[in-house]
Every structure is written in structure tokens, then in C-alpha cells.
Amino acid sequence: MTEAVLLVGGRGTRLRPLTVNTPKPMVPAAGVPFLAHQLARLKAAGVEHVVLATSYLAEVFEPYFGDGAALGLRLTYVTEREPLGTGGAIRSAATALTSGPADPVLVLNGDILTGLDTADLVRRHEAAGAAVTLHLTRVEDPRAFGLVPTDASGRVLAFTEKPTSPEEIVTDQINAGCYVFRRDVIDAIPAGRPVSVERETFPGLLAGGAHLLGVVDRTYWLDLGRPDSFVQASADLVRGVVTSPAVPGPPGEALVLPGAEVADGAKLGGGTVVGAGAVVAADAVVEGSILLDGARVEAGAWVGHSLVGAGARVGARTVLDGAVVGDGAVVGADNELRNGVRVWCDTCLPDASVRFSADC
């Protein structure tokens, strides 16, 4: 196994305002861009060449990662100028692959954190002689995902993309966003137009009698599409619930990056990250949260399960519980923001002006 395609071109709409200035895979989780964790895990699995399929804010990736040599990888960047869907992005990225027609190629969504053994997934794909192998996981409520029922041998039987009626929910197995393609299957995807692998490529292969293998794995899996899940993923990485070679420190209740200042009497826990140049003042409590570079939490504030953007400020005695504060925003003293409230980049909320929950 030597090659992989990482789909990192999405606009990250569900994560806004985190993605106003930063593409979703470059938003920091556990102290480094989330993409760094995916690349480190691919390296550990034996991958040598990764093609990054970029689109939104594509210019951000290469200055940070370069040619990949520092990671022990070879990175190639392929940018789609118009949105091509998952299948179109994979097909476009294939122009940079060097593998042969029957070789396996890993394809991963850029917003999934998993403990999956990808090397084992490739071995199972090759042993089965499958055209495509899909990582599947089980969830309690599968309605927001693509359902993939399989038979006793793991052979895929059908695809139902985001079911809309109870009758369509025939399994709790969902598409987990990691695949192994035989290279010639990628080359058969139509080029130059939008293609959805979920709605077009996979059902088409199934209808044509191709062998699609589903591998159900119950290891750690999290879709980082929402702010609450992104914050949870970062905390789980910091605490070692799921491991990554890219985490810049040992597992623990908090990760404080170089240049950050945490005052005596401040309390950090729950997998909190304090970014470079960030400040946590006396008597502030930060629990299970991400403070990006240059953020500031003033005295007596309480920040729980929230994300505070780069250069943003949280005023004294303010409470953030499950909130997102965009880059450069200021939340004045004695405010209270709970349950999914989002403060846009560079917004300024005056002191004692807001007590708001998004589920009001």
C-alpha cells in the first residue's frame, strides 16, 4: 500500500464561523491542523504518497505541509476549480496517482477521526478481490448518513443515502468515509463533471455486479462536521481516547502550547487546548475546549466544550457552554452563551448584553 487520496476540498459550511478564514481540515485539533492527524496516521499505516484533493481555500495547504518530506510522505496537491462532488474529486485526484490498474488506493474524507486500522482494511480488500471496500460503522441514529446493508460475508447489498422514511432504515451500518478502491475503478469514474460516489458510483457498480465489500469496525469514529463534534474530537485526542502521532505532547487533561500563558489559579481540564500566545487569566476555568492561537480568557470566566477563535477574547465572568467564538471576536464581561451559540468573526458583544441559548 503506497498511495492515498484525501478529500479536503469542502467548504465546511456546518462549522462556520470556524471555516470563514480556514478550510475545515486546517482548523486546529489537539494543537495542530486536523489534517496533520490524518497524514500522520496514514504514514504510520505504511502510505508513502498522498494526493490532497483541494478546492475551498486551496492556497492554504501547501505553504503549511510543503512536499510532505517533514512528515516522511510525498504530498501532491490537485485543485478542482469547480465543485465536482466526491466522485469527481477522486477522479480528478487520480491524475496524480502512480499505482497500477489493479493496485489498491485508499480514499478518505477529510473530516473523519477514526481509530481504524487502515492497513488491515487494505489487506481485507485485497484478500476479497473487491472492486471497492468500504469502512462501515454502526450508529444509534443513522438518518443523517448513508446506510450500507451487507450479507454475512460482508458483501454490500444496497445503498440508501440519508433515509427519509422509517421503511428505508434497514440497517444501522453507515458509510464511515474511508474506502479502498482498485485503481481501475477510480479511472472509470467520468471525468470533468460532478459525480457522487454515494449516489452514482457505488450504486452503479452494485447494479453492474461488481464486488463491493463492507467492513464493519466498532473502533473510535467521529464525523467532525459540527462544532460540538470537532471540539470533542480535539479533547479525545488530547486525552488519548484516540491516538495520533501528531499530537504535540503526552496524553493528559490539557495541552498548553509554547508561548501560552496560564495564570496561577486558572483551571484547565477535559482535554483542553491552549494555543500559542493564548492567555487564561486567574480564576478562569476552561474545560474540554479549544483556545486557538492568541485567544484570551479573562479572570473568572467559565469556558466549557467551546471553541474560541484565533485572537478572540472572552470577558471576565462570562460563561461559554457549547459555544463558538469566531476569530477576532470579543465577548464582553458578564455574558452567557450556551448550547450551540455562534459568534461571528470580529463581532463585538458589549458587557452584560447577552444571555442566549441556541435552543431558545
- Item | Heavy-atom neighbours of Glu59 CD exceed 12 at 6.0 Å | yes
- Query: Is any side-chain heavy atom of Asp327 closer than 4.5 Å to a side-chain heavy atom of Val20?
  - Reply: no
- Between Leu205 and Val215, is there a shared hydrophobic cluster once you connect ILVMFWY residues whose side-chain heavy atoms come closer than 4.5 Å? no
- Message: Please find the pair of heavy atoms, one from Ile290 and one from Pro28, that lie closest to each other, and give the distance.
- Response: CD1-O, 4.0 Å
- Message: Pair Leu121, Cys178 - check side chain to side chain contact (heavy atoms under 4.5 Å, CB included), show working.
- Response: CA-CA 9 Å; Leu121 188 71; Cys178 177; 3.9 Å; yes
- Of the non-hydrogen atoms in Leu255 and Pro248, which two are nearest, and what is the gap between them? CD1-O, 3.7 Å
- Query: Hey, are the side chains of Lys267 and Glu287 touching, using non-hydrogen atoms and a 4.5 Å cut-off?
  - Reply: no
- Message: Tell me whether Arg124 is salt-bridged to Glu126, with the criterion being a basic N under 4.0 Å from an acidic carboxylate O.
- Response: no
- Following the transitive rule for hydrophobic clusters with a side-chain heavy-atom cut-off under 4.5 Å over Ile, Leu, Val, Met, Phe, Trp and Tyr, establish whether Val107 and Leu97 coincide in one cluster. yes
- Message: How close do Ala281 and Ala299 get, counting heavy atoms only, and between which atoms?
- Response: CB-N, 3.4 Å
- Please check if the side chain of Thr171 supplies one atom and the backbone of Pro149 the other of a donor-acceptor pair under 3.5 Å. no
- Query: What is the ring orientation for Phe34 with His37, classed by angle as parallel under 30°, tilted 30 to 60°, or perpendicular over 60°?
  - Reply: tilted
- Trace of the side chain to side chain contact (heavy atoms under 4.5 Å, CB included) decision for Leu213 with Leu134: CA-CA 6 Å; Leu213 178 68; Leu134 297 87; over 6 Å; no
- Message: Contact between Val51 and Leu6 at the side-chain level, heavy atoms closer than 4.5 Å - yes or no?
- Response: no
- Looking only at heavy atoms, the pair that brings Leu349 and Val354 closest together is CD1-CG2, 4.2 Å
- Query: Of all heavy-atom pairs between Thr22 and Tyr56, which one has the smallest distance, and what is that distance?
  - Reply: O-CE2, 4.5 Å
- Item | Candidate pair Val47 and Leu106, rule side chain to side chain contact (heavy atoms under 4.5 Å, CB included), full reasoning | CA-CA 9 Å; Val47 173; Leu106 268 167; 4.0 Å; yes
- Applying the 4.5 Å side-chain criterion to the ILVMFWY set and letting contacts propagate, would Leu222 and Val242 be lumped into a single cluster? yes
- Is the shortest heavy-atom distance from the side chain of Leu18 to the side chain of Leu307 under 4.5 Å? yes
- Query: Can you find a side-chain donor-acceptor pair between Thr54 and Thr79 that sits under 3.5 Å?
  - Reply: yes
- Between Val195 and Leu84, is any pair of side-chain heavy atoms under 4.5 Å apart? no
- Euclidean distance, Asn109 CG relative to Leu224 CG, rounded to 0.5 Å: 11.5 Å
- Any side-chain heavy-atom pair of Glu298 and Arg313 under 4.5 Å: yes
- Message: Looking at every non-hydrogen atom in both residues, tell me the closest pair between Ser92 and Val78 and how far apart they are.
- Response: OG-CG1, 3.5 Å
- Message: Using a strict threshold of under 4.0 Å (side-chain N to carboxylate O), is an ion pair present between Arg193 and Glu200?
- Response: yes
- Flag side-chain contact, heavy atom, 4.5 Å: Leu212 against Arg155: no
- Verdict with supporting geometry, Gln173 and Thr150, side chain to side chain donor-acceptor pair (under 3.5 Å): CA-CA 9 Å; Gln173 295 177 180; Thr150 56; 3.3 Å; yes
- Query: Step by step, would you call Ser99 with Glu3 a side chain to side chain donor-acceptor pair (under 3.5 Å)?
  - Reply: CA-CA 7 Å; Ser99 48; Glu3 293 194 292; 2.9 Å; yes
- Item | Any donor-acceptor N/O pair, Asp67 side chain to Leu75 backbone, under 3.5 Å | no
- Query: Are Thr76 and His49 linked by a side-chain donor-acceptor pair shorter than 3.5 Å?
  - Reply: yes
- Task: Going by the side-chain contact (heavy atoms from CB on, under 4.5 Å) test, name the single residue among Val341, Leu291, Leu320 that passes it with Val325.
- Result: Leu320
- Message: Distance check, rounded to the nearest 0.5 Å: Ser244 atom OG versus Gln38 atom CD?
- Response: 9.5 Å
- Should Asp321 and His305 count as side-chain neighbours, where that means a heavy-atom distance under 4.5 Å? yes
- Is the shortest distance from a Lys or Arg side-chain nitrogen in Asp172 or Arg138 to a carboxylate oxygen in the other one below 4.0 Å? yes
- Message: side chain to side chain contact (heavy atoms under 4.5 Å, CB included) for Leu337 and Val331? Distances and angles first, verdict last.
- Response: CA-CA 9 Å; Leu337 305 176; Val331 180; 4.2 Å; yes
- Please check if Val279 and Leu292 belong to a single hydrophobic cluster, counting links between Ile, Leu, Val, Met, Phe, Trp and Tyr side chain heavy atoms closer than 4.5 Å. no
- Query: So if you build clusters from Ile, Leu, Val, Met, Phe, Trp, Tyr with side-chain heavy-atom gaps below 4.5 Å, do Val50 and Val60 land together?
  - Reply: yes
- Task: Dump the intermediate steps for salt bridge (charged side-chain N to carboxylate O under 4.0 Å, His left out) on Lys24 and Asp111, then the final yes or no.
- Result: CA-CA 7 Å; Lys24 178 166 54 175; Asp111 56 359; 2.9 Å; yes
